[in-house]
> 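Quick one: structure below, then a few questions.
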Protein chains: 2
Amino acid sequence: MSHKSDIEIAQAKTLTHIKNIANGLGIDEDRIEMYGKYKAKLPLDLIDEDKIAQNNLVLVTALTPTPAGEGKTTVSIGLTEGLNKIGKQATVVLREPSLGPVFGIKGGAAGGGYSQVVPMEDINLHFTGDFNAIEKANNLLSALIDNNIQSKVNNLNIDPRTILWKRVIDMNDRALRDITIGLGGTANGVPRQDGFNITPASEVMAILCMATNFENLKQRLGDIFIGFTYDNKPVFARDLKAENAMAILLKDAIKPNLVQTLEENPAIIHGGPFANIAQGTNTILATKMGLSLSNYVVTEAGFGADLGAEKFLNIKSAYAGLNPKCVVLVATIRALRHHGGAKSEEYNTPSLERVKVGFKNLEKHIENIRKFNIEPVVAINSFVSDSKEEVDYIISTCAALGVHAVLSEGWAKGGEGTKELAAAVVDVVENKATQFKPLYDWKSPVKDKIATIAKEIYGADDVIYDKKAALNLRRIDRLGFNDFAICMAKTQKSFSDDEKLIGRPEGFVVTVREIEIAAGAQFIIPILGKMMRMPGLPTVPASENMHIDNDGVISGLS
Amino acid sequence: MSHKSDIEIAQAKTLTHIKNIANGLGIDEDRIEMYGKYKAKLPLDLIDEDKIAQNNLVLVTALTPTPAGEGKTTVSIGLTEGLNKIGKQATVVLREPSLGPVFGIKGGAAGGGYSQVVPMEDINLHFTGDFNAIEKANNLLSALIDNNIQSKVNNLNIDPRTILWKRVIDMNDRALRDITIGLGGTANGVPRQDGFNITPASEVMAILCMATNFENLKQRLGDIFIGFTYDNKPVFARDLKAENAMAILLKDAIKPNLVQTLEENPAIIHGGPFANIAQGTNTILATKMGLSLSNYVVTEAGFGADLGAEKFLNIKSAYAGLNPKCVVLVATIRALRHHGGAKSEEYNTPSLERVKVGFKNLEKHIENIRKFNIEPVVAINSFVSDSKEEVDYIISTCAALGVHAVLSEGWAKGGEGTKELAAAVVDVVENKATQFKPLYDWKSPVKDKIATIAKEIYGADDVIYDKKAALNLRRIDRLGFNDFAICMAKTQKSFSDDEKLIGRPEGFVVTVREIEIAAGAQFIIPILGKMMRMPGLPTVPASENMHIDNDGVISGLS
């Protein structure tokens, strides 16, 4: 077991030139746009629908997570190494990290230990500029809105009190959550209440991740719903002639990024929407790119399967015509102890009894995945604090349910530690995969769609609508958005909307407090509880312990 | 004469691979970091002080400009083409454009007509991400400041009313000039007044452009002065342990960018501070990189010579030990008519009388350049509305002053139109250059330094200090910043601080209203009048007329 930090392991690796990774996928180096020697953008014309239909998509998701997360990204990367080790041609397709967590508590999102994507510093920092492009496109629309309110020419009569569109910045900055803009006199615009969200919460991010080509991107940008005029007419981005300039800012961001794993296997990293407020998975184009170029694609969706996987399947896969053939449910013994009642200081203390109680959480996720007509594999992400009896219990109990549960040791051993997991996944893909089916039809009534998710996935008895949510439903109907997908915004800490209800809660109802509209992304977003769209920095920000020497070597980035 | 737009001309050009441009400078392609096929970053170890001392630096500046500008960038690029045409090895070194003007009125800044740097779309959009990195480093410091005010641990006791550090965004967005942040309760920070500047006005931009290496950059970032504690002690970025994380965000932005001109000559484009509020010229590292790689470097400094050139010489050249051997003063017949009293609707109407009167403005700039022990060449940037008698008058009147004035036709003809200008520049460099001398010693008293600029360059009789400025002087003294350079903030429209005083005003005094501190950049900034650090969008933003087709081909970008 190594005691090196993630960044030390990543820096010790001698990377191969990105053109070699491209060559391994059958791409000539002239076709890629290099960003230095180890990053590249891939042209969209490499996407091939015939190959997508032939190749195999594997989704990595998790049980209901503890605050530290259960290592989905690490398992996704490790599994990809393992698949390549056992002779499959596999690519990992992931989300891009946000700068906010990098300087806050959580750290970056490039995997960990011996299952990382590299160059990890670049991936965790500006990477190829996609987040910046999204931020600029979002904020250009904001500037155009306020400029139109200020302007006497072409004034759209926008009521500033109705504007739903916020500015974004990729930074944990709580002081920007609730602000007043346009102060200081007539030259400085019209005063109004506003706020900044973090960039992964931007609808532009959600749109980029749903777009199927450049034309579709531009169409969606024009469809963004901003608010209302004083005479109650809806205003869209296209009313401000914003969609072309926004698309111009995104002309490179739409292209998926190619990097490598520590074992020099291909990694495509593209887009990064939050999973509690947005769809929580990389771009459709990146997934399609991966499936066009390799026989296996391993991808990840944020938080637990009730959030990320549900959206991955009902929104992304349904819309894009993807057919995931296996779902890997990541579990940790720590999280199972948590669901069995362990306090955070007890997470590292073995307790078969707690694991037995906590298993109910995993069992519900297993049942849920099967509702989509997909067979799960359970990956037990190995920790030194795991006891053999706890691990054996999970393996045998899963076996009784007909599910293969495998210890995943990618963090400590890379691909050598995930060969058994890879074999289990291949077994499902080759022997048990059929055609996945979404849980609901987008064309069903809104309340039916929400009820399906709440009852089938969360296990709720019923759905209650607050007064505001009921009004929102009428607005959605008036605007003609009934056929949109449902992008649930719910705590990741529980199946229910009450984060204290761990394990497998029963006999509860969920309350929809309000329903937001992301017309460009074609979502409606029922809000179950208070959602945070702009995190704050911790008492001691991670930035304080970072260092860079005069040769540019970074330490303290995780 | 072509009737194509700038972008049509640029798009019609088949670019050569950037590795070929690098090869032409003697750089192996393995040494550069490509950003696609036509942009690259250059490693700092290519900088060679011996070669810098041997090679020739030419500064392009202008007479006092009209609002449209007089085409310094176009002339700089054209002159570089001309120098290469007549057998000199020349590189143009320029600032990076800001996104704000691209979507506002002014348009991009990649030259014009047949004197452009390409790929113009990329250069005018996100380019290699430098502006974004600067923005993020600036805004990380802002988030750390507000987080410290909020935090009970390590609280520095910062008085929010004294904070001088503002957030930035690279966007014309007037509604962000004056805002209130931290609203909405205790979880959202401490309410205070704030505002966003545009990114080119960030001190981080000024610092990046003054840094001589990575260590120096980090030192300067730590030196940033933020404000005071409640007990009146100064607070610096290093007190928040911010400088390493900021430097990490700038690790790639510090490397100069290589692109090409329309005639496939090298162009280095790096950094872009405003010239009215900051130093208005590209990074020191880019200028040194150019001089390390080619025999001639043509570079540009913003607005008229009273602003850009004065700062280029007294701040940048004095600090970095550069020795500019020739200054090209760009004049247009239009601007000379303006200084002769023409109204804007008369700018295109020939008038020898007005040109004769307006010549006094150019004459003062010629005198000023000679005060630095540098010989000027006048480039008359050709317009179709120029009459032969006007042009001939300028050429002969300059000749009487011993100055070579040459018609520059780079816009219409590229390097073919600037060979005579190139020859005139070479004549000065080879036959008339000695050692340039700055106008003042940084170690002189602050008021002496300001008086030298005001009297010698502007032609003022005296300098008056408002009460606030006098207080600021005392603060500068108390903080020990007396040895900093003077970075004057003044209207670009007049030698004086009154924009209505065109031509060569005399018998005036300038008033210093306040004096700002950029401790990391090592400037103090006397403010002469109201300076705009956040532009607004026009009534019809340029974005409305932009278009991008499904193949990513852009139109309407200028």
Side-chain angles (χ1 to χ4, degrees), chain A residues 33-37 99 103 125-126 129 132-133 136 139-140 142-144 146-147 150-151 153-154 169-184 187-189 213-215 218 241-242 244-245 247-249 251-252 536-537 539-541 543-544 546-548 550 552 554 557, chain B residues 33-37 99 103 125-126 129 132-133 136 139-140 142-144 146-147 150-151 153-154 169-184 187-189 213-215 218 241-242 244-245 247-249 251-252 536-537 539-541 543-544 546-548 550 552 554 557:
Chain A
E33 287 175 33
M34 293 178 208
Y35 280 60
K37 294 180 179 62
L99 271 180
F103 293 109
L125 295 168
H126 310 297
N132 174 48
K136 290 294 179 294
N139 293 343
L140 174 63
S142 295
L144 292 171
D146 280 297
N147 190 60
Q150 170 83 343
S151 178
V153 183
N154 301 329
I169 186 171
D170 197 31
M171 191 69 67
N172 283 9
D173 195 348
R174 69 171 68 75
L176 293 179
R177 281 177 194 151
D178 191 347
I179 69 176
T180 311
I181 64 169
L183 304 174
N188 293 357
N213 57 43
F214 197 78
E215 185 177 8
K218 207 164 77 171
K241 301 190 182 77
N244 273 282
I248 286 170
L249 286 166
K251 76 178 177 63
D252 296 315
L537 287 168
T539 301
V540 180
S543 61
E544 288 195 11
M546 292 180 184
H547 184 264
I548 182 164
N550 296 336
I554 298 171
L557 183 72
Chain B
E33 287 174 33
M34 294 178 207
Y35 281 61
K37 295 180 179 61
L99 271 181
F103 293 110
L125 295 168
H126 311 297
N132 173 48
K136 289 293 178 297
N139 293 343
L140 174 63
S142 295
L144 292 171
D146 281 297
N147 190 60
Q150 169 84 345
S151 180
V153 183
N154 301 327
I169 187 171
D170 198 30
M171 191 69 66
N172 283 7
D173 195 348
R174 68 170 70 75
L176 293 179
R177 281 178 194 150
D178 192 346
I179 69 176
T180 310
I181 64 170
L183 303 174
N188 293 357
N213 56 43
F214 197 76
E215 185 177 8
K218 207 164 76 173
K241 301 190 182 78
N244 273 282
I248 286 170
L249 286 166
K251 77 178 176 66
D252 295 315
L537 287 169
T539 301
V540 180
S543 59
E544 286 194 13
M546 292 180 183
H547 184 263
I548 183 164
N550 295 337
I554 298 171
L557 184 72

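Every chain is numbered from 1 and lettered A, B, ... according to where its sequence line falls, protein lines coming before strand lines. Reckoned from all heavy atoms, side chains included, excluding hydrogens, waters and symmetry mates.
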> Out of A:T539, A:N172, A:V153, A:D252, return the one with the most heavy atom pairs under 4.5 angstrom to chain B.
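Ranked by heavy-atom pairs under 4.5 Å with chain B, first place is A:T539.
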> If I take atom CD1 from residue B:I179 and atom CG from residue A:L176, how far apart are they, to the nearest 0.5 angstrom?
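Answer rounded to 0.5 Å: 6.5 Å.
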> Report which part of B:N154 has an atom under 4.5 Å of a heavy atom belonging to chain A: side chain, backbone, both, or neither.
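It is the side chain, since no backbone atom gets that close.
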> Could you tell me which portion of B:K136 (side chain, backbone, both or neither) has an atom closer than 4.5 angstrom to a non-hydrogen atom of chain A?
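Both parts, backbone and side chain.
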> Let me know if B:L249 has heavy atoms under 4.5 Å from chain A in its side chain, its backbone, both or neither.
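B:L249 touches chain A through backbone and side-chain heavy atoms alike.
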> For chain B, which candidate among A:G129, A:S142, A:G536, A:S151 shows the most heavy-atom pairs at distances under 4.5 Å?
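If we count pairs closer than 4.5 Å to chain B, A:S151 comes out on top.
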> A:L140 versus chain B, heavy atoms under 4.5 Å apart: side chain, backbone, both or neither?
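Answer is both: backbone and side chain atoms of A:L140 are under 4.5 Å from chain B.
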> Side chain, backbone, both or neither: which part of B:A242 has a non-hydrogen atom closer than 4.5 Å to chain A?
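Neither; nothing under 4.5 Å.
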> Counting only non-hydrogen atoms closer than 4.5 Å, does A:H126 touch chain B with its backbone (N, CA, C, O), its side chain (CB onward), both, or neither?
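Answer is side chain: those atoms of A:H126 sit under 4.5 Å from chain B.
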> Measure distances from B:N213 to the heavy atoms of chain A and classify the residue's part below 4.5 Å as side chain, backbone, both or neither.
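Contact with chain A involves no heavy atom of B:N213 at all.
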> Counting distance only, does the side-chain N/O of A:N244 pair as donor-acceptor with the main-chain N or O of B:I548 below 3.5 Å?
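Checking the backbone N and O of B:I548 against the side chain of A:N244, a donor-acceptor pair under 3.5 Å is found.
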> I'd like to know if the side chain of B:R177 and the backbone of A:A187 have a donor-acceptor N/O pair within less than 3.5 Å.
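Answer holds: yes.
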> Name the option with the most non-hydrogen atom pairs under 4.5 Å to chain B; the candidates are A:E33, A:M546, A:M34, A:K251.
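Ranked by heavy-atom pairs under 4.5 Å with chain B, first place is A:M34.
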> Among B:N139, B:N132, B:I169, B:I554, which residue forms the greatest number of heavy-atom pairs with chain A at distances under 4.5 Å?
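When all of B:N139, B:N132, B:I169, B:I554 are compared, B:N132 has the most.
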> Measure distances from B:I248 to the heavy atoms of chain A and classify the residue's part below 4.5 Å as side chain, backbone, both or neither.
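Answer is both: backbone and side chain atoms of B:I248 are under 4.5 Å from chain A.
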> Quick one: pull up CG in B:D173 and CD1 in A:I181 and give me the separation to the nearest 0.5 Å.
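With rounding to 0.5 Å, CG (B:D173) is 7.0 Å from CD1 (A:I181).
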> Measure B:M171 against the heavy atoms of chain A and call it side chain, backbone, both or neither at under 4.5 Å.
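Contact with chain A is through the side chain of B:M171 alone.
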> Please identify, among A:L557, A:N188, A:L99, the residue contributing the most non-hydrogen atom pairs under 4.5 Å to chain B.
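Sorted descending by pairs with chain B, the first entry is A:N188.
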> Please classify the contact between B:L144 and chain A as side chain, backbone, both or neither, with a heavy-atom cut-off of under 4.5 Å.
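Answer is both: backbone and side chain atoms of B:L144 are under 4.5 Å from chain A.
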> Provide the closest heavy-atom pair for A:F103 versus B:A245 in the form atom of the first, atom of the second, distance.
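A:F103 and B:A245 have their closest heavy atoms at CE2-CB, 3.7 Å.
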> Mind checking whether B:K218 and A:H547 have side chains closer than 4.5 Å, heavy atoms only?
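Counting from C-beta outward, B:K218 and A:H547 do come under 4.5 Å.
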